[in-house]
Amino acid sequence: MDDALLANRELWDAWTKIHVGSAFYDLASFRNGERAIRLADYELDEIGNVEGKSLLHLQCHFGLDTLSWARLGATVTGVDFSPEGIATARALAAELHIPATFVEANLYDLPNELDGQFDVVYTSRGVLGWLADIVGWATTVAHFVKPAGFFYVTEIHPVAQVFENEGVTAGELRLSYPYWSHPEPLRFEVHGSYADPTAPTEGLVEHGWDHSLGEIVSALIDAGLRIDFLHEFDFVEWPVDFLVESPDGRWRLPAGTPGQLPLFFSLKATKPLAGA
């Protein structure tokens, strides 16, 4: 790993320790079954029944979504580059007696670390901005999709990423960041985490990269996948300063804002059978 990815791994190790005790993740209700499935309604609808299917979860953090898919009947493998995240995921799976495999690996090295292909390759929410190379990402994704299997991702919309998200008011759209991919990362000092903004994180830094929607879609097509759908939504799943919280807990533009803006998307892409 280069210095930026090493710094990001250190950050995610620290965040994992913060997140396991946070109200945001609410591990107690996952353990006791009150909130046994930590997946969005649109994910469940768009992916469908996973019972009996093999599922690879890329960038799985400490495994709540991975284990949710296992509770729905999938045979799951979760992957993350954070040693702390993977250790926590393995411990949680063992504690709850949920069969699951967790692999510690940099996504770009994964074809050398993991064998096999999967019916479903899945990744979700807040993942792509941590990746420097979207073409390499798509190549890894396609490598692990079985013929006739599919890849599914939900993520903040790249258009939403171009606006400043600190020191702005609701509805204030201040163009500040790149839309297309850039080789050098954006660097930010970290203050808390999305799950606990008050958590101590002094000295930690975040490195991020932008990728346009066209670059994401084209990379998957070039890697050999066929796009089944691309859906765009008017919400984000976490707090964003230029948005306001809706009654459903999602974040949208304030009522009365002129025009419309895509804020989130979901995409499904299938690997065709040979000769299809």
Side-chain angles (χ1 to χ4, degrees), residues 12 25 30 36-82 85-86 88-90 92-93 98-108 110-111 113-131 134 136-157 211 213 216-217 219-221 223-233 237-238 264-271:
W12 279 100
Y25 281 98
F30 187 78
I37 305 300
R38 297 299 176 86
L39 302 164
D41 50 359
Y42 50 87
E43 293 180 298
L44 295 169
D45 290 342
E46 294 179 344
I47 290 179
N49 185 8
V50 297
E51 187 170 0
K53 294 184 178 180
S54 58
L55 185 145
L56 174 64
H57 182 185
L58 302 175
Q59 297 171 268
C60 71
H61 194 18
F62 65 95
L64 287 192
D65 288 2
T66 321
L67 297 176
S68 294
W69 289 117
R71 280 176 163 169
L72 292 171
T75 301
V76 300
T77 300
V79 177
D80 201 273
F81 74 157
S82 164
I86 290 299
T88 302
R90 288 170 176 163
L92 188 59
I98 301 175
T101 299
F102 287 99
V103 178
E104 179 193 328
N106 179 358
L107 182 141
Y108 299 112
L110 191 58
E113 303 289 338
L114 179 66
D115 294 326
Q117 293 182 309
F118 298 81
D119 297 310
V120 181
V121 176
Y122 163 85
T123 192
S124 183
R125 296 188 298 278
V127 290
L128 300 185
W130 301 95
L131 301 174
I134 206 67
W137 163 80
T139 300
T140 297
V141 164
H143 173 87
F144 286 105
V145 179
K146 283 183 178 179
F150 64 87
F151 169 65
Y152 179 86
V153 58
T154 67
E155 181 59 287
I156 189 169
H157 201 292
H211 310 287
L213 192 59
I216 295 165
V217 170
L220 292 169
I221 293 171
L225 301 181
R226 182 188 64 216
I227 306 300
D228 297 318
F229 61 71
L230 171 63
H231 296 154
E232 298 170 292
F233 304 106
E237 293 279 14
W238 53 82
F264 215 70
F265 75 92
S266 66
L267 180 152
K268 181 181 175 185
T270 300
K271 179 178 281 187

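Contact of the Phe150 side chain with the Ile47 side chain is registered, since non-hydrogen atoms from C-beta on lie closer than 4.5 Å. Within the 4.5 Å cutoff, no side-chain heavy atoms of Phe118 are placed close to those of Val76. Here the side chains of Trp12 and Trp130 are in contact, with some heavy-atom distance below 4.5 Å. At least one side-chain heavy atom of Leu230 sits less than 4.5 Å from a side-chain heavy atom of Leu213. You'll find the side chain of Cys60 reaches within 4.5 Å of the side chain of Ile86, heavy atoms only. Looking at Tyr122 and Thr66, their side chains never come closer than 4.5 Å, going by heavy atoms from C-beta outward. The side-chain heavy atoms of Val127 and Leu58, taken from C-beta on, include no pair separated by under 4.5 Å. Looking at Asp119 and Ser54, their side chains come closer than 4.5 Å, going by heavy atoms from C-beta outward.
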Anything under 3.5 Å between a donor and an acceptor, one on a side chain of residues 136-147, the other on a protein residue two or more places apart or in another chain? List them.
unit_1	atom_1	unit_2	atom_2	d
Thr139	OG1	Val135	O	3.0
Thr140	OG1	Gly136	O	3.2

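By the side-chain contact (heavy atoms from CB on, under 4.5 Å) test, Ile227 pairs with Val217, Leu220, Ile221, Leu267, Ala269, sequence neighbours left out. Scored by the salt bridge (charged side-chain N to carboxylate O under 4.0 Å, His left out) test, Asp41 finds Arg250 as partners (sequence neighbours excluded). Evaluation of the side-chain hydrogen bond (donor to acceptor under 3.5 Å, both in side chains) rule for Thr270 yields Asp228 as partners, not counting sequence neighbours. With sequence neighbours left out, the side-chain hydrogen bond (donor to acceptor under 3.5 Å, both in side chains) criterion links Glu113 to no other residue. With sequence neighbours excluded, the residues satisfying ring-ring contact (aromatic ring centres under 6.0 Å, His included) with Tyr25 are His19, His61, Phe62. Qualifying side-chain hydrogen bond (donor to acceptor under 3.5 Å, both in side chains) partners for Thr88, counting only residues two or more places apart in sequence or in other chains: none. Every residue two or more places apart in sequence or in another chain that forms a ring-ring contact (aromatic ring centres under 6.0 Å, His included) with Phe233 is listed here: Tyr42, Phe235. Applying the side-chain hydrogen bond (donor to acceptor under 3.5 Å, both in side chains) rule to Tyr152 yields the partners Glu46; only residues at least two apart in sequence or on another chain are considered.
Of all non-hydrogen atoms in Gly126 and Trp238, the two that sit nearest each other are N-CH2, 3.7 Å. The shortest non-hydrogen separation linking Leu67 to Ala100 is CD2-CB, 3.7 Å. The nearest pair of heavy atoms linking Phe264 to Glu237 is CZ-CG, 3.8 Å.
At least one donor-acceptor pair under 3.5 Å links the side chain of His211 to the backbone N or O of Leu131.
Residues in residues 54-76 take part in these salt bridge (Lys or Arg N to Asp or Glu O under 4.0 Å) pairs, two or more places apart or across chains: Asp65-Arg125.
With values rounded to the nearest 0.5 angstrom, Leu72 atom CG is found 12.0 Å from Lys53 atom NZ. Note: Leu64 CG to Ile37 CD1 = 11.0 Å, rounded to the nearest 0.5 Å. To the nearest 0.5 Å, the span separating OG on Ser266 from CD on Glu155 amounts to 11.5 Å. In this structure, NE2 in His57 is found 9.5 Å from OG in Ser68, a value given to the nearest 0.5 Å.
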Q) When you look at Leu107 and Phe81, which way does the side chain to side chain contact (heavy atoms under 4.5 Å, CB included) test go after all the steps? A) CA-CA 7 Å; Leu107 182 141; Phe81 74 157; over 6 Å; no
